[in-house]
Amino acid sequence: MEEKKLDLNSIIGFILIVGILFWIMFQNKPSEATIAADKAKKELVAKEALAKAAATKTVATAAAIVPGDSTQMAQLQKTLGNFAYSASLPSAKESFTTVENEFVKLKIANKGGYIIEAALKNFEKFKKGSGQLVELIKDNNANLNIQLLTSDNRTLNTKDLFFEPTLTKVGADQILSMKLKAGANEFLEYKYILKPNNYMVGFDIRSQGLNKVLNTAKPLDLEWDLKTFRTEKSIAYEDRYTLLNYEYGDDKFNNVSGTGKDVQEEIPENVKFIAFKQHFFSTILLTDTPFAKTILKSHKLVVDEKVDTTYIKQFNANVPLAFTNGEVDYKMNWYFGPSDYKTLKAYDKNLEKIIPLGWGIFGWINMFVFIPLFGFLSSYIAYGIAIIIFTIIVKIAMSPITYKSFLSQAKMKVLRPEITELGEKFKKDPMKKQQETMKLYNKAGVNPMAGCIPALIQLPFMYASFQFFPSAFELRQKSFLWADDLSSFDQVVKLPFHVPMYGDHISLFPILAAIAIFFYMKMTSGDQQMAAPQQEGMPDMAKMMKYMIYISPIMMLIFFNSYGAGLSLYNFISNLITIGIMFVIKNYIVDSDKIHAQIQENKLKEPKKQGKFQKKLQEVMEQAEAQKAKDKKK
């Protein structure tokens, strides 16, 4: 038999293969940062596992107890003290009780006595017809715990202990009593009261006969945590409007900012309600007895929208439950339902404050104009048509202001040649030029501020609309034309890549709104430039307007691409109507020749008495001129 030998080609091939393998291993070697991150992650998982094991050790022992076994009962008392009694009952097992009405379905666990599932029966996640109900609590995303400090120096957590459930009915109301017992008549009770056709759930916490079992020197710590599930199509949009809100003191209202990467914290006093508000749904804890001092935390969970698609934010609340005569007794409520202004306001508990309608005049416009008007229209016609009619009504109501603004521009346009002439005449004396210009305005009966004031009056309505439409719950999952959800973006094209600041899709209504605002600005910029002559030392407004004609539509495209289609539709129709109104005013109402004749006639009359502002401005100018002349003599 011929002996096989390695030839040179085999050796070279072998060396190349080994080299390639080493290169692959080197390339796939994790970086130090990755190794450190993995190590930290493993350590965290290990710690959580140990904590869970420690927490469930008592539960496992309790489950193994045989009723009447005094030996095992004695062993359990070493760990649980008086609360070993509760662990020995038949209810000390992994079980739950379900209560539901027409609106909500709640599942309450024996272990911990708190709600482990809360589903809204009439709303679907993401899109209409998805078949997935909105579930505010599920899969351990929520936690309710009271830390119990016993008189024999034990620290127990209610979330690890078993409650005894008792479900009864009083009329149409369902009442579920969950008792953590330290004896036959000694217990800590959670009482849930669910009424028909209601999102509000009665929730009482009280103790009986525990004044000697618990250490009553300091309040009990109630801990409430919730990781909010994503329920809407746009992650970024939902994140923007998901906030921790609270009312405290004398009806004061605030929120914990959760926009940054770090955990945000507030410590208010005398808190009346805490709202874990998502964009369109909320979980709210209300109390008849204000919490003396509350620690509230908010943490943004969406870092990368491509990966972080399940949860939006982590909310935490730590509230004290004070003892009164050795016992606790708090009458509270849970709200599990839509973040809808009308629904929340109907409870008459200031809950509607969690809807971000804007502060001051902006909020008033929304509360007393936009909400009633849109609510009336949408109760009779489809929501998309309602937005169009709503916009038409608002713009017609604003048309007299638009007319005054344009009339002022027309008057200034007529005076422009004379103002330019004054500018040339007093080119070397800006103060004198300003004085003569003011005299011309007064003599002609023209107020240079008349064009600004109408525009300022319209601004609050514009800002109010930016607050109203994103908060309008009634637009959720309502379709119009190509938009299947007016509360979210109206995607017509899905991009295979992500454009920074723009997104991974193309929405059509923002494009239409951008085109409309371009033509509106193109139409009005020429008149504004003619009406406002260049002032010495001031920016060149004509040049700025030329840039703004193109910048404004681009900004509209970028920022509104992921906004709700309802707001983009409103802006499109609004600008379209404004273009029409301006066209009619310019071509059929305002006559430049008549304005010019009127101004010339006004010049022949006795000048109008100056207003306080104009008079004061004139005096300041004269004093400055006198000082200037005095300085020249020196």
Side-chain angles (χ1 to χ4, degrees), residues 127-128 232-234 236-237 240 370 373-374 377-378 381-399 402 458-459 461-472 474-495 498-526 545-586:
K127 63 180 181 179
K128 192 173 182 179
E232 310 305 315
K233 184 165 63 173
S234 174
Y237 203 42
R240 187 180 295 115
F370 284 7
L373 177 59
F374 188 75
L377 293 172
S378 59
I381 52 181
Y383 284 91
I385 303 298
I387 291 175
I388 294 173
I389 295 175
F390 170 83
T391 311
I392 292 171
I393 293 172
V394 171
K395 296 309 292 185
I396 290 175
M398 293 286 104
S399 60
T402 306
Q458 294 184 72
L459 277 177
F461 287 86
M462 183 183 73
Y463 181 79
S465 71
F466 279 81
Q467 296 292 113
F468 170 71
F469 283 100
S471 301
E474 51 265 60
L475 295 180
R476 184 178 186 268
Q477 296 180 358
K478 300 300 189 298
S479 61
F480 179 65
L481 299 178
W482 56 85
D484 58 2
D485 186 349
L486 286 168
S487 72
S488 190
F489 54 82
D490 56 311
Q491 175 182 305
V492 291
V493 176
K494 176 70 174 177
L495 300 175
H498 186 274
V499 180
M501 296 179 66
Y502 185 72
D504 58 358
H505 63 275
I506 296 175
S507 298
L508 185 52
F509 276 129
I511 294 174
L512 296 176
I515 293 171
I517 199 171
F518 172 79
F519 283 107
Y520 166 70
M521 295 190 73
K522 193 82 172 173
M523 181 180 183
T524 58
S525 61
M545 285 303 299
K546 284 181 181 178
Y547 291 132
M548 288 305 297
I549 289 172
Y550 300 98
I551 291 173
S552 295
I554 291 172
M555 290 175 65
M556 174 73 73
L557 280 175
I558 292 173
F559 294 110
F560 280 72
N561 190 58
S562 294
Y563 265 64
L567 180 58
S568 297
L569 172 61
Y570 171 82
N571 279 285
F572 168 57
I573 300 298
S574 178
N575 285 308
L576 212 59
I577 294 170
T578 304
I579 290 171
I581 291 173
M582 293 293 285
F583 179 82
V584 172
I585 291 172
K586 186 176 182 178

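- Ring planes of Phe390 and Phe370: perpendicular class, angle over 60° (limits at 30 and 60°).
- With rounding to the nearest 0.5 Å, the separation of CG in Leu576 from CG in Leu512 is 9.5 Å.
- A distance-only check finds a donor-acceptor pair linking the side chain of Asn561 to the backbone of His505 [under 3.5 Å].
- Closest heavy-atom contact between Ile581 and Ser399: CD1-CB, 4.1 Å.
- Counting all heavy atoms, side chain and backbone alike, Ile388 lies closest to Ile573 at CG1-CG1, 4.1 Å.
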Go through the steps to decide whether Arg240 and Tyr563 satisfy the test side chain to side chain contact (heavy atoms under 4.5 Å, CB included), and finish with yes or no.
CA-CA 10 Å; Arg240 187 180 295 115; Tyr563 265 64; 3.8 Å; yes
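- No side-chain N or O of Lys478 forms a donor-acceptor pair with one of Ser487 less than 3.5 Å apart.
- Between Tyr237 and Phe489, a ring centre-to-centre spacing not shorter than 6.0 Å is recorded.
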Run the side chain to side chain contact (heavy atoms under 4.5 Å, CB included) check on Lys395 and Thr578 step by step: do they pass?
CA-CA 7 Å; Lys395 296 309 292 185; Thr578 304; 3.0 Å; yes
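- Tyr383 and Phe374 have tilted rings, their planes meeting at an angle from 30° to 60° on a 0 to 90° scale.
- Counting heavy atoms of neighbouring residues, nucleotides and ligands inside a 6.0 Å radius, atom CZ of Phe519 does not exceed 12 of them.
- Closest approach of Leu495 to Gly503, counting heavy atoms only: CD1-O, 4.1 Å.
- Put simply, the residue from Phe468, Phe509, Phe560 that forms a side-chain contact (heavy atoms from CB on, under 4.5 Å) with Leu567 is Phe560.
- Sorted by first then second residue, the side-chain hydrogen bond (donor to acceptor under 3.5 Å, both in side chains) pairs that include residues 462-471, not counting sequence neighbours, number zero.
- Between the side chain of Asn575 and the backbone N or O of Asn571, at least one donor-acceptor pair lies under 3.5 Å.
- For residues 503-513, every residue pair satisfying the salt bridge (Lys or Arg N to Asp or Glu O under 4.0 Å) rule, not counting sequence neighbours, is listed here: Lys494-Asp504.
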Show, in sequence, the C-alpha distance, side-chain angles and deciding distance for Leu569 and Thr391, and conclude whether the side chain to side chain contact (heavy atoms under 4.5 Å, CB included) test is met.
CA-CA 9 Å; Leu569 172 61; Thr391 311; over 6 Å; no
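- What you find for Leu377 and Ala386 is that their closest heavy atoms are CD1-O, 3.9 Å.
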Stepwise side chain to side chain contact (heavy atoms under 4.5 Å, CB included) check, Phe469 with Leu486
CA-CA 9 Å; Phe469 283 100; Leu486 286 168; over 6 Å; no
